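A short worksheet on the structure shown next.
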Amino acid sequence: MIAQVVLSLLLGIVLLYAWAQYRRSPIVTVLSCAVSLIGFYFVWIPSHATRVAELVGIGRGADLVLYVWACISLVVLLNLHLKLRTQHELLTQLARSIALANAALPEDTRPTEPSRMSSVTEGKTSQSRYRLADGPTRGQTADQRA
C-alpha cells in the first residue's frame, strides 16, 4: 500500500508538470498524461498489468512495465540528443556570423589606393594578421588602446 501511494504521488507530479507545459509542447503533454494515467491504472490494479504482459508474451506485469519504461527512456534520450545536436549547430552558425560581422582588415594592409584593393580582396593577405574590430590587440587593455 505504501508503494502505491508513493508511485501515485510521483505519477501525479508528472501529470501536473505535463499539464503545465501544454502550451510549450502539446504532443509531449498528451503522451505524458496518457502514460501517467496508464501508470495509475497499473499501480492500483497490478493484476491487469500481468494479464496484458501474458497477452504480449511476457511473463510478469512488472517486466512489461520495465520494458516499456526502457523503451520510453530510449526515445526520450534520442530526442534530447537530436535537440542538443541542433542547438550545437545553431550555436556554431551564430559564432561564425558574429566572427564575420566583427572581422576587420589588419591596419598595415588597409587599402589606401585602388591598386592595393585587389590584393586584399583576392585573399592574398595572411589570416594571422587579422584582428577583431574594436577589440584590444594582444597584450593591450581597452584603456591603453584609447
Side-chain angles (χ1 to χ4, degrees), residues 1-111 117 119-146:
M1 179 74 173
I2 294 174
Q4 288 175 327
V5 171
V6 171
L7 290 173
S8 294
L9 181 66
L10 293 174
L11 287 169
I13 291 170
V14 169
L15 193 63
L16 288 173
Y17 178 75
W19 190 255
Q21 297 297 318
Y22 181 75
R23 286 185 175 213
R24 183 175 291 178
S25 182
I27 295 172
V28 173
T29 297
V30 170
L31 291 175
S32 296
C33 288
V35 168
S36 295
L37 293 174
I38 292 170
F40 272 122
Y41 181 76
F42 285 148
V43 162
W44 288 101
I45 309 173
S47 62
H48 287 195
T50 303
R51 288 185 194 151
V52 172
E54 290 171 354
L55 286 174
V56 295
I58 299 173
R60 300 181 313 162
D63 293 338
L64 174 68
V65 171
L66 181 65
Y67 298 155
V68 170
W69 176 78
C71 291
I72 291 172
S73 296
L74 289 174
V75 168
V76 168
L77 185 64
L78 176 65
N79 187 26
L80 288 174
H81 170 73
L82 293 175
K83 286 186 180 203
L84 183 63
R85 190 171 177 180
T86 301
Q87 291 294 322
H88 181 68
E89 290 172 1
L90 288 173
L91 185 61
T92 301
Q93 289 175 355
L94 180 62
R96 285 181 184 155
S97 297
I98 290 172
L100 289 174
N102 290 334
L105 292 173
E107 292 188 25
D108 60 340
T109 61
R110 289 186 189 236
M117 186 65 173
S119 67
V120 171
T121 57
E122 291 174 6
K124 293 181 181 176
T125 60
S126 170
Q127 187 177 6
S128 63
R129 294 172 29 179
Y130 285 93
R131 65 172 181 83
L132 289 175
D134 301 330
T137 59
R138 183 172 291 193
Q140 183 182 33
T141 63
D143 294 334
Q144 291 172 340
R145 189 187 70 197

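Throughout, numbering of the chain's residues begins at 1 and tracks the sequence. Remember, it's a predicted structure, so these values are computed and weren't measured experimentally. These numbers come from the heavy atoms of this one structure, side chains and all, not from hydrogens, waters or symmetry mates.
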Nearest-0.5 Å distance that lies between atom [atom1] in [X] and atom [atom2] in [Y]:
X: Tyr67; Y: Ile72; atom1: OH; atom2: CD1; answer: 15.0 Å
X: Asn79; Y: Leu84; atom1: CG; atom2: CG; answer: 11.5 Å
X: Leu37; Y: Leu15; atom1: CG; atom2: CG; answer: 5.5 Å
X: Gln4; Y: Leu9; atom1: CD; atom2: CG; answer: 13.5 Å
X: Ile58; Y: Thr50; atom1: CD1; atom2: OG1; answer: 11.0 Å
X: Thr86; Y: His81; atom1: OG1; atom2: NE2; answer: 9.0 Å

Taking side chain as C-beta onward, heavy atoms only, is [X] less than 4.5 Å from [Y]?
X: Leu64; Y: Arg60; value: no
X: Leu31; Y: Cys33; value: no
X: Arg85; Y: His88; value: no
X: Leu80; Y: Val76; value: yes
X: Phe40; Y: Leu7; value: no

Given the options Thr29, Val28, Val30, Ser32 meets side chain to side chain contact (heavy atoms under 4.5 Å, CB included) only with Val28

With Ser36 as reference, evaluate Leu10, Val14, Ile13 under the side chain to side chain contact (heavy atoms under 4.5 Å, CB included) test and give the passing residue. Val14

Centroid separation Tyr41 to His48 less than 6.0 Å: yes

Looking only at heavy atoms, what is the nearest atom pair of Val43 and Ser8, with distance? CG1-OG, 3.9 Å

Evaluate the side-chain contact (heavy atoms from CB on, under 4.5 Å) criterion for residues Gln87 and Leu91: first the C-alpha distance (whole Å), next the side-chain angles of each, then the deciding distance (0.1 Å), finally the verdict. CA-CA 6 Å; Gln87 291 294 322; Leu91 185 61; over 6 Å; no

Does Trp44 CH2 have over 12 foreign heavy atoms under 6.0 Å away?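 Above 12, so yes.
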
